[in-house]
Every structure is written in structure tokens, then in C-alpha cells.
Protein chains: 2
Amino acid sequence: MTVHAHPELTKNQSLVFGSLSDAGGPLTAYAILDILRENGFRAPLQVYRALDKLVEYGLVHRLESLNAFVACSHKGCSGHGSAAFAICEKCGEVSEFTPDDAIQLLKDWTDGKGFRLSRTTIELRGICRSCGAET
Amino acid sequence: MTVHAHPELTKNQSLVFGSLSDAGGPLTAYAILDILRENGFRAPLQVYRALDKLVEYGLVHRLESLNAFVACSHKGCSGHGSAAFAICEKCGEVSEFTPDDAIQLLKDWTDGKGFRLSRTTIELRGICRSCGAET
DNA sequence: AGTCTAAACGTAACACTATTACGTCAATAC
DNA sequence: GTATTGACGTAATAGTGTTACGTTTAGACT
Ligand SMILES: [Zn+2]
Ligand SMILES: [Zn+2]
Ligand SMILES: [Zn+2]
Ligand SMILES: [Zn+2]
């Protein structure tokens with residue numbers, strides 16, 4: 001597996017990426033803004049601009065169904081096929097994985113339709129093992 | 001294929017479903033509201049409440065990556081596995097399909113993790129055949 | 001050095017998406 | 001009749017994301 005190179009992060013990008021890494025789970029842009037106010041952040045655009053770059057570099061993923069962002073679990077996803085996410089609706093835990101076989105089947109479908117695939121969003125909702133074991 | 005039963009639609013639900021069917025593509029909740037103002041709609045909640053039910057009945061799908069809603073292409077998706085969507089980023093066309101094989105592979109992964117899957121979101125972004133053929 | 005350019009940044013204002021809160025109404029159940 | 005339920009109407013508010021505009025920073029080139 002090759003990890004694609006990306007430019008050094010700017011100060012704002014590092015702060016945003018750091019907040020996501022520390023969180024160990026998804027954060028909304030406004031939650032990141034609140035965390036980084038003590039570092040001088042004042043406006044949402046500072047967060048969104050950093051997130052745009054981090055997503056572009058493959059260091060962060062956007063979770064569409066949560067309107068939130070999460071640090072990549074693989075030190076950058078650029079090197080392999082797209083990622084998928086299992087999201088526990090009880091505790092909020094997010095597990096990232098890379099279902100290359102399933103994505104290939106989806107790609108077979110798009111290829112058959114002449115659809116040029118550029119990005120996949122796969123988000124699974126449910127109850128994780130530890131939450132399902134309770135009571 | 002069996003189509004699951006659902007209650008008769010209320011007036012508001014029928015209006016919202018009708019606007020989505022007529023559109024032949026995705027609409028945001030506020031776009032629906034604007035369309036239905038001439039039918040007496042005044043507030044977003046009237047749209048959101050109807051959409052909640054229509055989604056529950058499987059007549060309408062929510063496209064997470066567009067914050068929009070689209071009428072189901074299969075007269076109700078309750079009868080089969082979850083749906084997937086190919087969304088053209090140029091013309092906005094949305095194609096619904098049901099990749100049962102890919103979803104089964106995803107389910108295999110969640111089963112292995114003890115994750116109880118309740119809902120899948122699969123949205124593919126790219127360029128459709130007719131848009132890709134241009135120039 | 002001086003100039004040019006591109007990328008990142010700061011700030012304010014705004015637009016879009018979704019929910020909470022509270023009251024009303026109609027249909028059904030007891 | 002009264003209680004329960006579900007749908008509805010309206011206003012206010014909360015949450016998410018973008019546009020607009022000007023400034024700063026870091027390199028590239030004379
Ligand atoms: Zn990743
Ligand atoms: Zn959980
Ligand atoms: Zn469907
Ligand atoms: Zn197209």
C-alpha cells in the first residue's frame with residue numbers, strides 16, 4: 001500500500017486535524033470551531049477551508065449522514081479504494097473499513113452504465129457489538 | 001418482489017410525494033415547500049413531516065450527500081435490499097439501483113464485527129454517460 | 001531589492017437545512 | 001363523554017455551509 005504524498009499542513013490545517021485526531025471520533029465543523037476558539041479561531045470558514053484541504057489530502061473523511069468529519073484511520077486513504085463507515089446509532093462510534101470487493105461490484109454497475117465514478121459514499125447505520133450486548 | 005403495504009397517504013403526504021414524482025429527480029425540502037406554497041404550504045415542518053412518513057413507507061429516499069429527497073424508482077423499496085444511487089455531478093441526474101450483492105458483502109463485514117445493520121447509505125458521485133460524451 | 005503571483009488567511013454577512021415548542025383538530029377507543 | 005392518538009398549523013430557533021471582500025504570506029522572477 002502506498003500512501004500518497006501531500007504538502008505540509010498549514011497551521012490551521014494542523015490544528016483542525018489535531019482536534020479530529022484527539023477526538024477519536026467524528027466532529028461537526030462547528031464543534032471543531034468551538035474547540036479551536038482558544039487557538040484564535042473565530043469563524044466557520046477557517047474550519048471549512050482547512051477541512052476541504054484535509055479531505056483532499058485523504059487525511060479526513062466527511063460523513064454525509066452526520067454532517068461531520070472524522071480523521072482517517074489509515075494515515076491517508078489515497079492509497080487504496082474508497083472507504084466505508086459503520087456508525088453506531090447508540091454510542092456514536094465510527095469504524096472505518098475498506099470494502100474493496102463491494103466497491104468493485106458497484107464499479108461494475110457504473111461501468112455498465114457508462115457512468116464515470118469519481119467518489120463513493122458508503123455509510124452503514126446500526127448498533128455496534130458492545131451497545132447491542134447491553135440489557 | 002413484494003411491495004409492502006403502507007397506510008393511505010394524507011393530503012400533505014400526497015402533495016409532497018406528487019411534487020417529487022413530477023420532478024423526476026431530487027428536490028430539497030425547501031424546494032418542495034416553494035412548489036407547494038400554492039397548495040397552502042407555509043412552513044418547512046409541513047414538508048419535513050410528510051417526508052419522514054414517505055421515507056418510512058419506502059416511497060421516498062433521502063440523498064444524504066445532496067440534502068435532498070427523491071421518489072423511489074421501484075414503487076417502494078421496502079420489498080428488497082437497500083438502494084444505491086449514482087448521482088451525476090454535471091446534470092444532477094440520479095439513477096437508483098439495488099446492488100444486493102455488494103450490500104451482502106458489506107453485511108458480511110458488519111456481521112463479522114457483531115454490528116447489527118439497520119440502514120445503508122450508498123451514493124456514487126461521477127459523470128453520467130451522456131454528460132461524459134460531450135466535447 | 002523590487003515586483004508579481006498564488007495560496008492561505010481574517011472577518012462579516014448571508015443562505016440554506018432542520019428542529020423545538022406549543023397549540024389545534026379529527027378520528028378512534030374506552 | 002372523555003381519553004388517546006396522530007396529523008396538522010405556525011412561529012421561533014438551532015445547526016450547517018457559502019459568498020464576498022480585503023489582507024497577509026511565501027515563493028518565483030527580474
Ligand atoms: Zn480513510
Ligand atoms: Zn455503540
Ligand atoms: Zn427505492
Ligand atoms: Zn449527467
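Residue numbers start from 1 in every chain, and the chains themselves are labelled A, B, ... in the order their sequence lines are given, proteins ahead of strands.
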Considering only side-chain heavy atoms of N12(B), which listed nucleotide, dG17(D), dC8(D), dA18(C), is closest?
dC8(D)

With the side chain defined as heavy atoms from C-beta on, Q13(A) is closest, among dT19(C), dT10(D), dC9(C), to dC9(C)

I'd like to know if R62(A) and E64(A) make a salt bridge, using a cut-off of under 4.0 Å between side-chain N and carboxylate O.
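E64(A) and R62(A): salt-bridged.
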
Is D52(B) salt-bridged to R49(B), cutoff N-O under 4.0 Å?
no

Could you give the [atom1]-to-[atom2] distance, from [X] to [N], as a whole number of Å?
X: D52(A); N: dC9(C); atom1: CG; atom2: P; answer: 12 Å
X: L36(A); N: dC9(C); atom1: CG; atom2: C1'; answer: 15 Å
X: L45(A); N: dG17(D); atom1: CG; atom2: P; answer: 13 Å
X: K53(A); N: dC9(C); atom1: NZ; atom2: C1'; answer: 13 Å
X: N67(B); N: dA18(C); atom1: CG; atom2: C1'; answer: 9 Å
X: F41(A); N: dC9(C); atom1: CZ; atom2: P; answer: 8 Å
X: Y48(B); N: dA14(D); atom1: OH; atom2: C1'; answer: 12 Å
X: E8(A); N: dT25(D); atom1: CD; atom2: C1'; answer: 17 Å

Write down the atom of G126(B), the atom of F115(A), and the distance for their closest heavy-atom approach.
N-CZ, 3.3 Å

Taking the nucleotide of DNA chain D with the nearest heavy atom to each, does Y30(B) or K11(B) sit closer to the 5' end?
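The 5'-side residue here is K11(B).
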
Which residue lies toward the 5' end of DNA chain D, T28(A) or Q46(B), if each is placed at its nearest nucleotide?
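Upstream on the strand: Q46(B).
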
How long is the gap from OG1 on T110(B) to CG on L124(A), to the nearest 0.5 Å?
6.5 Å

Suppose we call a contact any N or O donor and acceptor under 3.5 Å apart; does that hold for the side chain of R49(B) and the base of dG9(D)?
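Looking at the base of dG9(D), it does pair with a donor or acceptor on the side chain of R49(B) (distance under 3.5 Å).
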
W109(A) vs F97(B) aromatic rings, parallel, tilted or perpendicular, using cut-offs 30° and 60°?
parallel

Phosphate OP1/OP2 of dT16(D) contacted by R62(A) side-chain N/O (<4.0 Å):
no

